[in-house]
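Side chains are part of it too, since the values below use all heavy atoms of this structure and drop only hydrogens, waters and symmetry mates.
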Amino acid sequence: MKNKRWIVCCIAVVLSVGYVKAQKSRFSKSKEDFLKSRLEISENKRFLQYQDGTPFFYLGDTAWELFHRLNKEEAESYLKDRARKGFTVIQAVALAELDGIRVPNAYGYLPFENNDPARPFIKEGPDNDYWDQVDYIVKKANELGLYIGFLPTWGRYWHDGNPVFNKKNAESYGEFLGKRYKNAQVIWILGGDRNVENENQKEIIRAMAKGLTKGG
């Protein structure tokens, strides 16, 4: 009986090794190779995958204020740490919850002119506005093999009180982001921190998604 059990165990080990080798040969690309490939939704709609069908392992860390509070050195230090630890996605929001449109970023820049989402504040040059800092962080994350789980806005700006977003400026803002980051490795995330409670809010989110699609 013991010999039979030993033989069964040996067969199981051999089969397992063969399976692992097959998986390695199928999924043998490097992080750099994968980052050149767009992510897409699997056929069964249950997970993300690369264009060659390889499943994407989503291990995300949350850094909502990454674009808003950190300077370049702090952001790079954080991203390198998360890359070393095996994370694949960093989730961050362009318009941060803690007064992200009224309190300047680490370099004194605001995202919009007069708090208007249809008028992103842009100044010529590589380090002259809020969006240059976002560019830097997205690029650095991608260089380290990380995707950005990119939230265009925190929910308070389309949900609470007197929201700054409406259907028109939501689509315009979405198009701006879609164009700016169409070649970056980002995963767009709309909503999540607020419940959609009425048709107007739903239309704002849809308009933003439409803008992202148009821009990208």
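In this structure, the ring-ring contact (aromatic ring centres under 6.0 Å, His included) partners of F67, at least two apart in sequence or on a different chain, are F150.
To the nearest 0.5 Å, the span separating CD on E40 from CD on Q51 amounts to 5.5 Å. Between atom CG of residue L48 and atom OG1 of residue T54 there is a gap of 13.0 Å, rounded to the nearest 0.5 Å. One distance of note links CZ of R69 with CG of N71; it measures 13.0 Å at 0.5 Å rounding. To the nearest 0.5 Å, the span separating CG on L151 from OG1 on T62 amounts to 9.5 Å. In this structure, the separation between CD on E143 and NZ on K80 is 10.0 Å, given to the nearest 0.5 Å. In this structure, T153 OG1 and E97 CD are separated by 10.5 Å, a value rounded to the nearest 0.5 Å.
Residues Y78 and I90 are in side-chain contact: their nearest non-hydrogen atoms beyond the backbone lie under 4.5 Å apart. Residues L95 and Y173 meet the side-chain proximity criterion, which asks for heavy atoms closer than 4.5 Å. Residues W158 and V196 have side chains in contact (heavy-atom distance under 4.5 Å, counting atoms from C-beta outward). Using a 4.5 Å cut-off on side-chain heavy atoms (C-beta onward), V103 and L98 make no contact. Y181 places none of its side-chain heavy atoms less than 4.5 Å from the side chain of I148. A heavy-atom distance below 4.5 Å is found between the side chains of F121 and E113. The side-chain heavy atoms of Y147 and Y58, taken from C-beta on, include no pair separated by under 4.5 Å. I122 places a side-chain heavy atom less than 4.5 Å from the side chain of R180.
Clustering ILVMFWY residues whenever any of their side-chain heavy atoms sit less than 4.5 angstrom apart, transitively, puts W64 in the very cluster that holds Y136. In the hydrophobic cluster analysis, where Ile, Leu, Val, Met, Phe, Trp and Tyr join through side-chain heavy atoms closer than 4.5 angstrom, L110 is grouped apart from Y157.
Of all the heavy atoms in W188 and P152, the pair that sits closest is CE3-CG, 4.2 Å. Taking each heavy atom of N128 and G125 in turn, the nearest pair found is ND2-CA, 3.3 Å. A92 approaches A63 most closely through the heavy-atom pair CB-O, 3.5 Å. Of all heavy-atom pairs spanning N195 and Q201, the tightest one is O-OE1, 3.8 Å. Summarising the geometry of F165 relative to A170, their closest heavy-atom pair is CD2-CA, 3.7 Å, with the distance given to 0.1 Å.
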Inset, instruction - Any chance you could lay out the side chain to side chain contact (heavy atoms under 4.5 Å, CB included) test for W154 and I101, step after step, and finish with the verdict? - result: CA-CA 10 Å; W154 201 256; I101 66 173; over 6 Å; no
Inset, instruction - Give the C-alpha distance, both sets of side-chain angles, the deciding distance and a yes or no for side chain to side chain contact (heavy atoms under 4.5 Å, CB included) between R194 and D160. - result: CA-CA 9 Å; R194 296 289 194 281; D160 298 358; 2.8 Å; yes
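The closest donor-acceptor contact from the side chain of N169 to the backbone of P117 lies at 3.5 Å or more, if one exists at all. Put simply, the side chain of E65 never gets that close to the backbone of G100: no donor and acceptor are under 3.5 Å apart. Distance alone, capped at 3.5 Å, places no donor-acceptor pair between the N198 side chain and the K202 backbone. With hydrogens and angles ignored, the 3.5 Å screen pairs a side-chain donor or acceptor of T88 with a backbone N or O of F57.
Ion pairing between D132 and K123 fails under the 4.0 Å rule for side-chain N and carboxylate O. Note on D81 versus K85: salt bridge recorded, some NZ/NE/NH1/NH2 to OD/OE distance being below 4.0 Å.
Annotation for N162: atom CG does not count as buried by contact number, only 12 or fewer foreign heavy atoms lying within 6.0 Å. No more than 12 heavy-atom neighbours from other residues, nucleotides or ligands sit within 6.0 angstrom of CG on N114. In the displayed structure, K72 atom NZ is contacted under 6.0 Å by more than 12 heavy atoms of other residues, nucleotides or ligands. The neighbour count for E43 CD, taken as heavy atoms of other residues, nucleotides or ligands under 6.0 Å away, does not exceed 12.
The aromatic ring centres of F56 and F47 sit 6.0 Å or more apart.
Inspection of the Y107 and D129 side chains reveals no N or O donor paired with an N or O acceptor under 3.5 Å.
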Enumerate, atom names and distances included, each donor-acceptor pair closer than 3.5 Å involving a side-chain atom of residues 205-216, sequence neighbours excluded.
unit_1, atom_1, unit_2, atom_2, d
R206, NH1, E203, OE2, 3.2
T213, OG1, A209, O, 3.0
K214, NZ, E171, OE2, 2.7

